[in-house]
Each structure stands twice: as C-alpha cells, then as structure tokens.
Amino acid sequence: EFQISLSVTTNYIHGQHVADVAADGNDLAKILNVRFTWPTDPLPTEPMDEVFVEGLVAAAQTSVDFLKANDVKVANLSWRITRPMIEGMLRITGAEPEAEARQERAAAIFETLEDGLTEAYASAPEILFVAGAGNEDENVEFTTSVPAGITLPNLITIGAVDRELQPAALTSYGASIDLYANGFEVPGRVPGGRELNLSGTSMAAPQVANLAAKIWATNPDLTVAEVVEAMTETSTAEGEEGLAVIHPANAIASVQ
C-alpha cells in the first residue's frame with residue numbers, strides 16, 4: 001500500500017512541477033489540466049495490450065478535442081511510451097510468454113499507438129505539442145517513443161542540457177530532437193506549495209512550452225510554424241555537437 005501511495009504521489013508531484021515550470025513568469029498564462037489514469041501497481045497485473053492502447057488512443061483524441069474547444073495554444077507532453085515498455089508489460093503480466101511472439105506483438109501494438117496519436121495531434125494543427133525526448137541517454141533514432149518520436153509540423157521534441165549548456169547526463173539524443181532546454185535541477189512548486197529541484201527532459205519540455213506561451217502572449221497572431229521558427233532561429237549552438245538551446249530573451253524580442 002505504501003508503494004502504491006508513493007507511485008501516486010510521484011505522479012502528482014511530476015504533473016504539478018511541470019505545470020509550474022510551464023507557467024513561470026507569464027502572468028497571461030492559463031493552465032488547462034488534462035489527466036489520464038495510469039497504472040500505479042509496483043508489479044502491473046494488466047498488460048499494455050491492444051485493448052489498453054485502443055483506450056489510450058481514444059483518450060488522446062478526446063483530450064485533443066478538449067484542448068481545441070478551450071482554445072489552447074501549446075500543450076506540454078512530459079510523458080512517453082516505447083516499444084520495449086510494451087514488450088516488458090506483456091512479459092511481466094504473462095500475457096505473451098514466448099519471446100519472439102512477444103516482440104512481434106509489441107511492435108504491432110506500438111504501431112497502433114503511434115498511428116493513433118499521430119492522427120490525434122494532426123487533427124489540431126493550430127496547437128503546438130511539446131514532447132520530452134526521454135531520460136535514458138540513448139539515441140532516439142533507434143529506440144522510438146511516442147509522443148516524442150512523432151513527426152508533425154505542430155509537434156517538437158525537446159532534449160535536456162545542464163547549467164553549463166552541455167548535454168545533461170540523462171538526456172536522450174538524436175537528429176530528430178528539435179530543441180534543448182535546461183533539464184538539470186529545475187526549480188518548481190509541487191502540491192502543497194513547496195519548491196523542489198527536479199531533473200529530466202520532463203522539466204526541459206515545459207520550459208519550451210513556457211517560451212512558446214510567452215511568444216504568443218507577445219504576439220497572439222503568430223502561427224504554430226512562426227512560433228517554432230522564432231524559437232529555432234534564435235537558439236544558440238552549444239557544446240561540441242552544436243545543440244540548439246533555446247534563448248528566451250532573443251526569441252521574444254524577435255516577435256515584438
């Protein structure tokens with residue numbers, strides 16, 4: 001029971017922290033909360049199977065329709081699912097005991113999830129979706145995830161740098177990552193009002209969502225493409241790999 005409570009609490013801390021980072025310093029920002037139920041058992045009893053993924057895709061479309069109905073401009077997606085995660089759930093729950101069959105089934109389930117989420121996000125071209133790349137220090141070109149691995153004009157993927165603007169030790173990387181932001185010891189408030197420093201691409205993504213919201217607050221008539229361009233064109237190339245790190249002051253100044 002303690003372990004389950006801890007898992008639930010962690011989710012609330014994560015969500016509140018991300019929301020606080022996304023709205024920080026923007027008096028015009030309004031937060032619209034979207035929540036979906038996620039398994040909290042330490043050892044899951046239900047697999048992430050075809051039925052589960054169909055429900056998740058339906059929930060995603062319902063959520064996107066909700067965002068559109070409330071005139072949302074930018075949506076932060078600090079969560080992700082990978083094919084190995086699906087395969088692992090099939091194994092742990094005993095839903096698919098044979099290894100080769102499990103790999104094939106997981107690949108098919110993941111494809112259904114990717115196609116469904118792509119369709120959902122594509123149905124709202126006026127909303128910018130900002131996804132965290134992941135914290136596994138792996139190349140995203142080889143371990144595809146959703147929503148970060150989805151390719152759409154209105155979805156960007158964010159990696160994490162540290163305070164020296166170098167790749168954070170935890171961040172996943174790869175050519176498909178669009179922008180980077182600080183993901184190391186990022187301050188934010190959690191339920192109860194206490195401020196904690198948390199690390200991860202989950203903390204980097206809302207900083208980009210924060211910047212996008214400030215750009216729209218400065219110039220509400222901009223399109224999604226123009227907001228992305230403002231952030232990309234004013235980013236600075238950092239480190240040996242020339243990572244595109246956001247520069248909020250320059251980005252906002254460019255649209256004034």
Side-chain angles (χ1 to χ4, degrees), residues 7-8 11-12 14-15 18-19 22 31-41 44-96 101-136 140-158 172 174 176-178 201-202 205-206 208-209 224:
S7 179
V8 172
N11 281 329
Y12 275 106
H14 183 275
V18 165
I31 296 292
L32 184 67
N33 181 51
V34 176
R35 186 185 77 177
F36 56 87
T37 302
W38 191 254
T40 54
D41 292 338
T45 57
E46 298 295 330
M48 197 179 292
D49 58 8
E50 293 82 358
V51 174
F52 180 92
V53 164
E54 287 174 6
L56 187 57
V57 167
Q61 186 63 67
T62 299
S63 299
V64 170
D65 292 341
F66 179 60
L67 299 178
K68 292 169 64 176
N70 285 276
D71 299 321
V72 166
K73 302 292 272 183
V74 56
N76 189 83
L77 307 174
S78 284
W79 60 274
R80 70 193 202 97
I81 296 175
T82 67
R83 185 194 56 74
M85 287 172 60
I86 296 174
E87 185 177 341
M89 290 277 278
L90 292 174
R91 178 183 59 81
I92 291 172
T93 59
E96 194 64 70
R102 188 167 60 244
Q103 290 178 355
E104 294 178 357
R105 185 176 174 188
I109 292 172
F110 181 82
E111 184 177 359
T112 298
L113 177 60
E114 185 175 35
D115 290 346
L117 292 182
T118 300
E119 182 176 348
Y121 299 138
S123 71
E126 71 278 17
I127 300 176
L128 174 62
F129 295 92
V130 183
N135 304 326
E136 286 75 32
V140 296
E141 314 305 325
F142 294 98
T143 305
T144 308
S145 68
V146 290
I150 293 174
T151 302
L152 285 171
N154 62 325
L155 191 150
I156 56 176
T157 301
I158 313 303
S172 292
S176 62
I177 296 180
D178 299 286
T201 57
S202 282
V208 177
V224 167

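Just so you know, these numbers use all the heavy atoms, side chains as well, and skip hydrogens, waters and symmetry mates.
Asn33 and Phe66 get closest at one heavy-atom pair: O-CE2, 4.0 Å. Shortest non-hydrogen contact noted between Met48 and Met89 is N-CB, 3.8 Å. Across every non-hydrogen atom of Leu90 and Pro47, the tightest pair is CD2-CB, 4.0 Å. A pairwise comparison of heavy atoms in Ala205 and Val130 identifies O-CG1, 3.5 Å as the closest pair.
The shortest distance between side-chain heavy atoms of Ile86 and Ile81 falls below 4.5 Å. Using a 4.5 Å heavy-atom cutoff, the side chains of Ile127 and Val224 are not in contact. Val208 places none of its side-chain heavy atoms less than 4.5 Å from the side chain of Asp178. Using a 4.5 Å heavy-atom threshold, the side chains of Ser202 and Trp79 count as separate. A heavy-atom distance below 4.5 Å is not found between the side chains of Pro153 and Pro125. Thr144 places a side-chain heavy atom less than 4.5 Å from the side chain of Phe110.
Side-chain atoms of Ser123 and Gln61 include a donor-acceptor pair closer than 3.5 Å.
No more than 12 heavy atoms of other residues, nucleotides or ligands sit less than 6.0 Å from atom CZ of Arg91. Within a 6.0 Å radius of CD in Glu126, other residues, nucleotides and ligands contribute more than 12 heavy atoms. Within a 6.0 Å radius of CD in Glu46, other residues, nucleotides and ligands contribute 12 heavy atoms or fewer.
Residues meeting the side chain to side chain donor-acceptor pair (under 3.5 Å) test with Ser176, sequence neighbours left out: Glu141. Every residue two or more places apart in sequence or in another chain that forms a salt bridge (charged side-chain N to carboxylate O under 4.0 Å, His left out) with Glu87 is listed here: Arg83. Here Glu54 pairs with nothing under the salt bridge (charged side-chain N to carboxylate O under 4.0 Å, His left out) rule; sequence neighbours left out.
In this structure, the side chain of Thr157 does not engage the main chain of Ala133 through any donor-acceptor pair within 3.5 Å. No donor-acceptor pair under 3.5 Å is formed between the side chain of Asn154 and the backbone N or O of Phe129. Remark: side-chain polar atoms of Asn70 are not paired, donor with acceptor, to backbone N or O of Val72 under 3.5 angstrom. The backbone N or O of Gly134 sits less than 3.5 Å from a side-chain atom of Thr201, completing a donor-acceptor pair.
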Evaluate Phe52 against Ile109 for side-chain contact (heavy atoms from CB on, under 4.5 Å), listing each step before the verdict.
CA-CA 9 Å; Phe52 180 92; Ile109 292 172; over 6 Å; no

